[in-house]
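Let me begin by presenting the structure, written as structure tokens, before commenting on it.
Just so you know, these numbers use all the heavy atoms, side chains as well, and skip hydrogens, waters and symmetry mates. Order of appearance sets the numbers: ligands from 1, and atoms from 1 within every ligand.
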Amino acid sequence: MTKLSIIAPIYNEEDNVKPLCERLFEVLKDLGHTFEIIMVNDGSTDTSMDKLTEQSALRPELKVVDLRRNYGQTAAMMAGIDHANGEIIIPIDGDLQNDPADIPRLLEKLDEGYDVVSGWRRDRKDAAIRRNFVSRVANRIISLVSGVHLHDYGCSLKAYRREVVKDVKLYGEMHRFIPIYATWLGARVTEIPVTHHPRIHGTSKYGLNRIFKVVLDIIVIRFLDRYFTKPIHLFGGFGILSILISILSGMYMIYLKIFEGIAMILTPLPLLTVITLLIGIMSILMGLLAEMIVRTYFESQQKSTYLLRNVLNNDGTS
Ligand code: UDP
Ligand code: MG
């Protein structure tokens with residue numbers, strides 16, 4: 001018997017709290033696992049917290065974590081994970097758009113030997129262009145850039161083995177990238193289609209500006225993946241390129257002056273030469289700074305730059 005931790009962030013979902021609890025309990029009580037449900041009130045300004053208090057009095061398996069203000073879905077999920085002690089962690093939206101009835105299927109898939117099973121809202125019930133189209137494009141890009149191929153990173157409903165999320169630290173709005181982090185940590189990741197319902201109560205908390213945030217997050221992910229332990233290769237590479245441009249532009253400027261008799265000042269080349277030289281030098285210096293920061297990060301926390309799966313005959317002597 002494994003223990004499940006279901007985590008639902010709640011931000012102004014007053015009409016959803018009770019039905020969500022009921023649906024979750026209905027599904028979970030027949031599963032034959034022990035479970036806890038952790039609802040994180042992310043600074044709701046409506047009566048969500050009263051509803052949560054009410055439910056928690058009725059159901060001992062419901063843990064309510066009340067944040068002091070609104071921190072956003074990622075932080076709320078992180079708070080939930082920090083309070084979870086199940087071996088399997090299942091985040092789910094607090095607005096009933098995910099269907100608790102999919103939980104048993106996620107678990108079956110985990111049992112096949114996966115560490116992360118991601119939900120895929122194949123038939124997504126949100127605004128067609130504004131949400132679905134944009135998210136499809138975003139998902140394609142994330143899949144290309146990260147090299148971890150899923151159809152739907154944004155779906156909250158996923159199932160994780162505890163080990164893969166406990167070491168993950170989430171910043172900004174990075175919760176949709178947990179499967180990517182997990183893959184880097186050596187986890188086996190897969191996905192299954194899940195049901196998606198239209199929102200019945202309350203409103204979506206996100207608008208179109210989410211697309212920019214996701215793009216920026218992808219850049220961060222890509223940077224962390226490839227250069228976190230060697231930032232000078234990125235900064236320095238760019239710096240060298242810039243200095244090369246500066247040298248070429250400088251040589252051309254001198255060539256024009258000597259052989260064509262064109263005064264340097266008549267071309268934009270002096271400006272280009274100086275600016276690219278400065279940018280190049282600054283980039284290399286920033287790369288050095290970044291190298292120092294990385295060393296502080298790893299050495300001050302005794303973190304290692306690699307992760308072990310196992311060591312055979314670790315304490316063997318002969
Ligand atoms: N949410 C949250 N804090 C926020 C915004 C959202 O805890 O600042 C929760 C919200 O209550 C819901 C989930 O995150 O349970 C997903 O939010 P929403 O339904 O607005 O996103 P969408 O389904 O439109 O992508
Ligand atoms: Mg929703």
Side-chain angles (χ1 to χ4, degrees), residues 5-24 37-53 55 62-84 89-100 102-103 118-139 142 150-158 170-179 194-215 217:
S5 297
I6 318 293
I7 297 171
I10 302 290
Y11 178 51
N12 294 349
E13 308 281 4
E14 53 188 358
D15 295 324
N16 289 319
V17 168
K18 186 161 178 265
L20 178 65
C21 284
E22 284 165 358
R23 291 285 292 125
L24 280 171
I37 296 175
I38 302 174
M39 296 208 172
V40 183
N41 175 34
D42 186 18
S44 299
T45 50
D46 62 0
T47 59
S48 293
M49 190 56 206
D50 303 333
K51 299 276 161 41
L52 287 168
T53 315
Q55 289 296 318
L62 175 65
K63 199 191 272 188
V64 175
V65 177
D66 187 18
L67 301 183
R68 279 193 184 248
R69 65 169 174 84
N70 176 246
Y71 287 94
Q73 192 182 347
T74 301
M77 196 182 282
M78 201 66 209
I81 293 173
D82 288 340
H83 284 84
I89 297 192
I90 305 178
I92 188 168
D93 270 349
D95 58 2
L96 278 168
Q97 288 197 267
N98 298 133
D99 196 331
D102 285 319
I103 293 176
S118 179
W120 168 19
R121 296 165 292 180
R122 193 151 57 177
D123 186 13
R124 192 168 167 187
K125 299 286 195 302
D126 282 319
I129 302 277
R130 198 169 61 82
R131 297 296 301 277
N132 294 4
F133 175 73
V134 167
S135 106
R136 200 163 301 158
V137 174
N139 281 314
I142 301 174
L150 296 178
H151 284 92
D152 188 5
Y153 298 86
C155 178
S156 298
L157 183 61
K158 296 180 158 86
L170 300 177
Y171 298 92
E173 291 185 5
M174 296 283 194
H175 60 271
R176 59 175 74 77
F177 299 124
I178 298 179
V194 294
T195 322
H196 194 239
H197 299 290
R199 209 183 227 281
I200 296 168
H201 303 291
T203 51
S204 172
K205 312 299 182 289
Y206 296 104
L208 257 188
N209 64 356
R210 176 153 67 175
I211 183 87
F212 297 110
K213 297 181 187 163
V214 171
V215 169
D217 284 346

Exercise. Which residue owns the protein heavy atom closest to atom 25 (O) of ligand 1, what's the atom, and how far is it?
Worked result: Arg131 NH2, 2.8 Å
Problem set entry | Nitrogen or oxygen atoms of Ser204 and ligand 1 under 3.5 Å apart | yes
Problem set entry | Asp126 contact mode with ligand 1 (heavy-atom cut-off under 4.0 Å) | neither
Exercise. Between Lys205 and Thr203, is there a donor-acceptor pair closer than 3.5 Å when you use the side chain of the first and the backbone of the second?
Worked result: yes
For this session: Decide, counting backbone as well as side-chain atoms, whether Gln97 has an N, O or S atom less than 2.8 Å from the Mg ion (ligand 2).
Result: yes
For this session: Examine the proximity of ligand 1 to Asp93 and report which part, side chain or backbone, both or neither, has a heavy atom under 4.0 Å away.
Result: both
Problem set entry | Verdict with reasoning, Arg124 to Ser135, per side chain to side chain donor-acceptor pair (under 3.5 Å) | CA-CA 10 Å; Arg124 192 168 167 187; Ser135 106; 2.9 Å; yes
Exercise. Taking N or O atoms only and a 3.5 Å limit, does Arg121 qualify as a polar contact for ligand 1?
Worked result: no
Exercise. Can you list the ligand 1 atoms lying under 4.0 Å from a non-hydrogen atom of Asn70?
Worked result: 3 (N), 4 (C), 8 (O)
For this session: Compute the shortest N/O to N/O distance between Asp42 and ligand 1 and return yes if it is under 3.5 Å, no if not.
Result: yes
Seminar exercise, completed: Ranked by distance from atom 11 (O) of ligand 1, the top protein heavy atom is Glu13 OE2, 2.7 Å
For this session: Distance to 0.1 Å, residue and atom name: give those for the protein heavy atom nearest to atom 17 (O) of ligand 1.
Result: Tyr206 CE1, 3.9 Å
Problem set entry | Worked check of salt bridge (Lys or Arg N to Asp or Glu O under 4.0 Å) between Lys51 and Asp15 | CA-CA 9 Å; Lys51 299 276 161 41; Asp15 295 324; 5.1 Å; no
Problem set entry | Asn98 (side chain) donor-acceptor with Ile92 (main chain) under 3.5 angstrom | no
Exercise. Is the shortest N/O to N/O distance between Ala76 and ligand 1 below 3.5 Å?
Worked result: no
Exercise. By number and element, which atoms of ligand 1 are closer than 4.0 Å to a non-hydrogen atom of Gly94?
Worked result: 12 (C), 15 (O)
Exercise. For atom 19 (O) of ligand 1, what is the nearest protein heavy atom, given as residue, atom name and distance?
Worked result: Asp95 OD2, 2.5 Å
For this session: Name the closest protein heavy atom to atom 20 (O) of ligand 1, giving the residue it belongs to and the distance to 0.1 Å.
Result: Lys205 N, 2.6 Å
Problem set entry | Contacting atoms of ligand 1, where contact means under 4.0 angstrom from a heavy atom of Gln97 | 19 (O), 23 (O)
Exercise. For the residue pair Phe177 and Tyr153, does the interplanar ring angle fall in the parallel (under 30°), tilted (30 to 60°) or perpendicular (over 60°) class?
Worked result: tilted
Exercise. Does Arg199 have a non-hydrogen atom less than 4.0 Å from ligand 1?
Worked result: yes
Problem set entry | Closest protein heavy atom (residue, atom, distance) for atom 1 (N) of ligand 1 | Tyr11 CB, 3.7 Å
Exercise. Does Asp95 bring an N, O or S atom to within less than 2.8 Å of the Mg ion (ligand 2)?
Worked result: yes
